[in-house]
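Any value given below was found using the heavy atoms of this structure, including those in side chains, with hydrogens, waters and symmetry copies removed.
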Amino acid sequence: MSDTEAHPVRISSEPVQLQALEPMLEKVHVAVGDVPALLAIATEIGRTAPKPGEGNTAKLWELLASVTAVDVAAGRVLEPHLDAVAILAQAGLDEPQHGAWGVFAAEGPGLKLEAKRDDGGNYVLNGSKPWCSLASQLDGAVITAHTEDNSRAAFAVNLQHPGVSCETPQWTSRGLQEIPSGTVHFDQVPATPVGGKDWYFKRPGFAWGGMGVAACWLGGAVAVARDYATALAKGAENGREADQIALASLGEVDRIITSATAFLAQTAERIDAGELAGPSPDGPGVDGPDTNNSSAWSEALRIRGTVAAAVERVQTVVTQNLGPAPLAFNEAYGKRMADLSLYIRQHHAMRDDAQLGALTLKGERQW
């Protein structure tokens, strides 16, 4: 693996501290495209990885960003497992003892997953859940479902139960080809409550997890930027010095990544200091500010929007400068671009900005 691929992404740690990540990044690089191997690595990492809000949030985000910088799909495998481990811990439940887990909270038209108590008073799930990435290869998941009082709650579920059936979709996208997301059907599947009514969305950890996804996006952007810098350096070695436009573009990329990284570092410090630990009254679409004039969710919207815009701009600048050749002939670069373009569509663009605007208007701002 090249030095560029092995190099971790720094958010706040000292460079010598980041060297500890390099052996794991080597393993990720070898496993690129091999989903079972990546799931095994995620399970291994999950046993010792920091959890958000416990004093090492920046290190967690460095881990997520560094893995994604090696391979975007690898980051897409790791992030939900670490999120599931953190969710269970936040709820005071035992962490997974084996296997890889996911987090499935999406909703879809015409699909509904319901949680009702059986005759013994235990919850069972019935119905369907969309956008369940890698469900057929996971051991368990934290899943949101509609309860009898019309609220939504989270449950821990064994995905190997015979009542679970996974659709294999036709995945036509060039991006994230090894991680298709399909619909999972549940038929009387036992489920363990995680946190209680509306807890999943109201906890600050919901916002922290959303910021962790943004850390992955940042790692992808860093990898694209490194691709660009490497291409310019190799061009110079071959007698093609970078012109003013190429250098100006590299300077812009540097500004963008440096700013986004600093925002993540600052926010990680605030999380660990307890400044973003208050509950969000309604999770997404929170109603009203907290005493710090910034809820965890409004800060998550800022982080996610800022990083998503940074990723899109970095991709645009780099592709404009490098042209079609690497997209056509460089497998790693083409895969990275396609994977990252799909991954950041988890950000809802102007709809998320509209949420943030509503919160800003209610007073959740620092300006």
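The stretch residues 61-107 participates, sequence neighbours left out, in no ring pair (Phe, Tyr, Trp, His ring centres under 6.0 Å) pair at all. Note on residues 135-169: pairs passing ring pair (Phe, Tyr, Trp, His ring centres under 6.0 Å), not counting sequence neighbours, are Y123-F155.
No path of Ile, Leu, Val, Met, Phe, Trp and Tyr side chains, each step under 4.5 Å between heavy atoms, connects V124 with V189, placing them in separate hydrophobic clusters. One hydrophobic cluster holds both L327 and V72 under the rule that ILVMFWY side chains link at heavy-atom gaps under 4.5 Å. Cluster membership for L134 and V85, using ILVMFWY side-chain heavy atoms within less than 4.5 angstrom, is not shared.
Listed for the T319 side chain is a donor-acceptor partner under 3.5 Å among the backbone atoms of T316. A side-chain donor-acceptor contact under 3.5 Å links S66 to the backbone of V9. Proximity of a side-chain donor or acceptor of D339 to a complementary backbone N or O of L176 within less than 3.5 Å is detected. No donor-acceptor pair under 3.5 Å is formed between the side chain of N238 and the backbone N or O of R240. Remark: the backbone N or O of K59 is not paired with any side-chain donor or acceptor of N56 at under 3.5 angstrom. Side-chain atoms of E312 do not come within 3.5 Å of backbone N or O of V307 as any donor-acceptor pair. Judged purely by atom type and a 3.5 angstrom limit, R203 has no side-chain atom pairing as donor or acceptor with the backbone of A91. Here the side chain of R152 pairs a donor or acceptor atom with the backbone of A105 at under 3.5 angstrom. Judged purely by atom type and a 3.5 angstrom limit, R365 uses its side chain to pair as donor or acceptor with the backbone of T360. In this structure, the side chain of R336 does not engage the main chain of D227 through any donor-acceptor pair within 3.5 Å.
Listed by chain and number, the residues in a side chain to side chain donor-acceptor pair (under 3.5 Å) with D352 are H348 (sequence neighbours excluded). The salt bridge (Lys or Arg N to Asp or Glu O under 4.0 Å) search around K116 returns none, not counting sequence neighbours. E44 pairs by the salt bridge (Lys or Arg N to Asp or Glu O under 4.0 Å) definition with K27, not counting sequence neighbours. Every residue two or more places apart in sequence or in another chain that forms a side chain to side chain donor-acceptor pair (under 3.5 Å) with T57 is listed here: D272. The side chain to side chain contact (heavy atoms under 4.5 Å, CB included) check on D198 picks up S151, K202, with sequence neighbours excluded. Applying the side chain to side chain donor-acceptor pair (under 3.5 Å) test to E252 and every residue at least two apart in sequence or in another chain returns R313. Contacts of A246 classified as side chain to side chain contact (heavy atoms under 4.5 Å, CB included), with partners at least two apart in sequence or in another chain: Y228, L232, A242, D243, N321. Scored by the side chain to side chain contact (heavy atoms under 4.5 Å, CB included) test, W131 finds A106, W171, S181 as partners (sequence neighbours excluded). Remark: D83 engages E79, I87, V103 in a side chain to side chain contact (heavy atoms under 4.5 Å, CB included) (not counting sequence neighbours). In terms of the salt bridge (Lys or Arg N to Asp or Glu O under 4.0 Å) criterion, residue partners of K51 (sequence neighbours excluded) are, by chain and number, E95.
For Q244, the CD atom counts as loosely surrounded, since its 6.0 Å shell holds 12 or fewer non-hydrogen atoms of other residues, nucleotides or ligands. Taking a 6.0 Å sphere around CG of D118, one finds it holds more than 12 heavy atoms contributed by other residues, nucleotides or ligands.
Contact check on E178 versus R76 returns no salt bridge, with no Lys/Arg side-chain nitrogen under 4.0 Å from an Asp/Glu carboxylate oxygen. A salt bridge links E299 with R302: the distance from a Lys NZ or Arg NE/NH1/NH2 to an Asp or Glu carboxylate oxygen falls below 4.0 Å. A salt bridge links R174 and E331; the closest N-O separation between the charged side-chain nitrogens and carboxylate oxygens is under 4.0 Å.
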H185 and K129: CA distance, side-chain angles, deciding distance, side chain to side chain contact (heavy atoms under 4.5 Å, CB included) verdict:
CA-CA 7 Å; H185 307 285; K129 195 72 168 172; over 6 Å; no
Can you check side chain to side chain contact (heavy atoms under 4.5 Å, CB included) on V164 and C166, steps first, answer last?
CA-CA 7 Å; V164 177; C166 305; 4.2 Å; yes
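Remark: the W297 side chain and the Q355 side chain contain an N/O donor-acceptor pair separated by less than 3.5 Å. Looking only at atom types and distance, the side chain of N126 has a donor-acceptor partner in the side chain of Q188 under 3.5 Å away. The closest side-chain donor-acceptor pair between S249 and Q320, if any, does not fall under 3.5 angstrom.
Using a 4.5 Å heavy-atom threshold, the side chains of N158 and D139 count as separate.
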